[in-house]
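Since the structure comes first, as structure tokens, the remarks are kept for the end.
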2 protein chains.
Amino acid sequence: MRIACCQFAPEVGDPEASAARACAALSVAVEAGAGIVVLPELANSGYVFESAEEARAAAVPADGELLARWAEIAAGGDAVVVGGFCELADDGRVFNSAALVDGSGVRAVYRKLHLWGDEPRWFSRGEAPAPVIETAYGRIGVAVCYDLEFPELTRGLALEGADLIALPMNWPREQPRSDGQSVPRLLALNAAYTSRVFVAVCDRAGEERGQGFEGASVIVGPDGVIGAAATPGAGVEMLIADCDLSAARDKRNGPRNDTLADRRPEHYARQLTQPHGAR
Amino acid sequence: MRIACCQFAPEVGDPEASAARACAALSVAVEAGAGIVVLPELANSGYVFESAEEARAAAVPADGELLARWAEIAAGGDAVVVGGFCELADDGRVFNSAALVDGSGVRAVYRKLHLWGDEPRWFSRGEAPAPVIETAYGRIGVAVCYDLEFPELTRGLALEGADLIALPMNWPREQPRSDGQSVPRLLALNAAYTSRVFVAVCDRAGEERGQGFEGASVIVGPDGVIGAAATPGAGVEMLIADCDLSAARDKRNGPRNDTLADRRPEHYARQLTQPHGAR
């Protein structure tokens with residue numbers, strides 16, 4: 001089974017062009033034989049909005065044309081797509097969402113729980129846990145970008161049975177760190193290794209209104225070893241890795257150990273799952 | 001404030017020599033001006049036991065001479081010591097423990113929650129959460145070796161206010177990974193970065209009964225940047241890093257974000273803190 005991450009460049013202010021690029025990249029991946037295709041965060045809208053109005057203008061409903069088109073392309077190759085999109089909810093709110101879509105249509109919509117930077121100016125916060133969806137290729141957990149900094153979330157997806165965490169991303173480029181470390185890559189490796197799951201991060205390429213993006217797409221196996229990684233600075237790129245997702249069902253991390261069965265949940269801090277301020 | 005990690009080589013089968021080496025290393029660190037000194041896991045006993053009897057023979061009570069001696073040396077420099085030791089409990093059980101000791105005596109004993117490899121043959125599992133202890137230099141969370149693979153535990157220490165996670169370690173050397181990655185270092189960086197805490201890992205040097213050890217000691221700052229790291233293959237070594245632990249109280253990870261306040265605990269998987277099998 002082949003996983004593809006389509007690191008392309010949506011364009012803020014031009015939702016039509018962004019959506020067309022997402023569909024084109026998806027088509028290329030399906031034609032390349034990908035069973036699971038991951039697209040960037042906000043693939044239909046771009047990221048660096050100037051106003052809530054601009055974000056709203058780019059937002060589309062989950063039952064609209066955009067995801068119907070993804071489903072249609074997915075159907076052509078029995079593929080599963082996980083992609084980020086700017087969502088207009090039934091109640092008029094706008095969310096930074098990710099959809100899991102297959103040939104049968106939209107299987108799940110996840111609204112990003114952890115918003116970064118200016119995002120709260122245009123997006124409402126998600127109000128439901130990140131989901132795990134059973135697909136033809138295995139169980140896929142869905143999260144978005146900054147969610148990856150929350151080990152509770154990625155560990156939770158593994159505990160709920162995810163074989164793969166598919167994670168659309170728009171990682172704003174930062175000053176290079178003194179240690180040269182790529183933070184999103186560090187986080188992806190760690191999430192994969194500690195829970196013995198596959199992690200497929202699809203970052204974006206390009207620059208918007210002076211803001212560059214890391215282009216840090218990476219596919220990591222449950223041993224924490226990279227299967228494919230974007231070339232630093234390459235920009236638009238499609239990552240491909242052939243994976244057997246069933247490997248994530250084996251949680252043994254040594255002859256006598258098991259990374260999930262060895263947990264001691266009764267001794268972990270209650271605060272992990274308690275609302276702020278609760279005792 | 002100076003942190004030291006004393007990566008030395010205890011010797012299984014010779015608890016007296018092991019304890020003497022631990023005290024010697026501790027003295028050197030205190031004389032070097034360290035306010036916080038971390039010693040390896042099982043510093044008084046070595047690691048590769050051949051039988052439960054051998055482990056038991058090396059085990060000492062928390063209120064015995066070993067930790068009294070650590071307290072005495074600590075008192076000479078107003079230091080705080082976190083070190084692993086093979087513990088004989090009042091009820092006769094043997095634990096893989098870590099103590100936090102200062103000039104006033106033993107402040108806390110933590111019994112390792114997650115046992116690795118053959119450890120369950122000689123050790124009972126800990127039955128209480130990893131602690132956070134207020135010290136003259138800041139709040140120190142204590143964990144041991146394989147605990148570092150459990151993000152629930154390290155995150156929990158940060159949630160309970162740890163500025164520094166001090167982690168005695170005996171990391172058995174593995175086949176070099178295809179990606180050259182040092183797993184304990186990856187885990188330490190990630191724990192520090194995601195919770196904006198300091199992490200001081202003190203691994204051991206040497207070889208026992210054919211088993212080598214990684215020698216992966218590392219001190220990481222709350223930005224996930226390494227302050228000091230053992231030279232690969234160097235063996236016995238003392239790491240020193242000068243740190244301002246109060247930096248860990250600032251959880252901002254961007255102009256509008258905060259790595260702990262941004263958490264959405266009401267939406268994390270209940271299984272994180274629920275006993276196995278509970279619903």
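Letters go in sequence order (proteins before strands), and every chain restarts at 1. Keep in mind that the numbers below use all heavy atoms, side chains included, and drop hydrogens, waters and symmetry copies. As the structure is a computational prediction, the values presented were derived from the model and not from experiment.
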Which region of [X], side chain (C-beta onward) or backbone (N, CA, C, O), has a non-hydrogen atom less than 4.5 Å from a non-hydrogen atom of chain B, or is it both or neither?
X	result
Leu260(A)	backbone
Asp262(A)	both
Arg177(A)	side chain
Thr273(A)	both
Ala191(A)	neither
Leu115(A)	backbone

Check whether any side-chain heavy atom of [X] lies under 4.5 Å from a side-chain heavy atom of [Y], and answer yes or no.
X	Y	value
Glu152(A)	Glu152(B)	no
Trp116(A)	Asn257(B)	yes
Asp179(A)	Ile226(B)	no
Pro265(A)	Gln274(B)	no

Between CG on residue Leu187(B) and CG on residue Asn190(A), distance to nearest 0.5 Å: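 Reported to 0.5 Å precision, the distance equals 5.5 Å.
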
Self-check item: Separation between CD of Glu160(A) and CZ of Arg270(B), rounded to the nearest 0.5 Å
Solution: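 One finds 10.0 Å between CD of Glu160(A) and CZ of Arg270(B).
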
Is there a donor in the side chain of Gln181(A) and an acceptor in the side chain of Tyr193(B), or the other way round, less than 3.5 Å apart?
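Note: Gln181(A) and Tyr193(B) side chains miss the donor-acceptor criterion.
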
Between Tyr268(A) and Leu272(B), what is the shortest heavy-atom contact and its length?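 Looks like CD1-O, 3.4 Å.
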
Q: Check Glu149(A) against Arg155(B) and note the closest heavy-atom contact, atom names and distance.
A: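 So the minimum-distance heavy-atom pair works out to O-NH2, 3.9 Å.
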
* Asked: Is it the side chain or the backbone of Asp147(B) that comes within 4.5 Å of chain A heavy atoms, both, or neither?
  ->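 Contact with chain A is absent: no heavy atom of Asp147(B) under 4.5 Å.
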
Worksheet item: Counting only heavy atoms not in Arg209(B), do more than 12 sit closer than 6.0 Å to its CZ atom?
Response: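 Atom CZ in Arg209(B) is crowded, with more than 12 foreign heavy atoms closer than 6.0 Å.
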
Looking at chain B, which one of Glu266(A), Glu119(A), His114(A), Glu174(A) has the largest number of heavy-atom pairs inside 4.5 Å, strictly under?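 The residue among Glu266(A), Glu119(A), His114(A), Glu174(A) with the greatest pair count is His114(A).
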
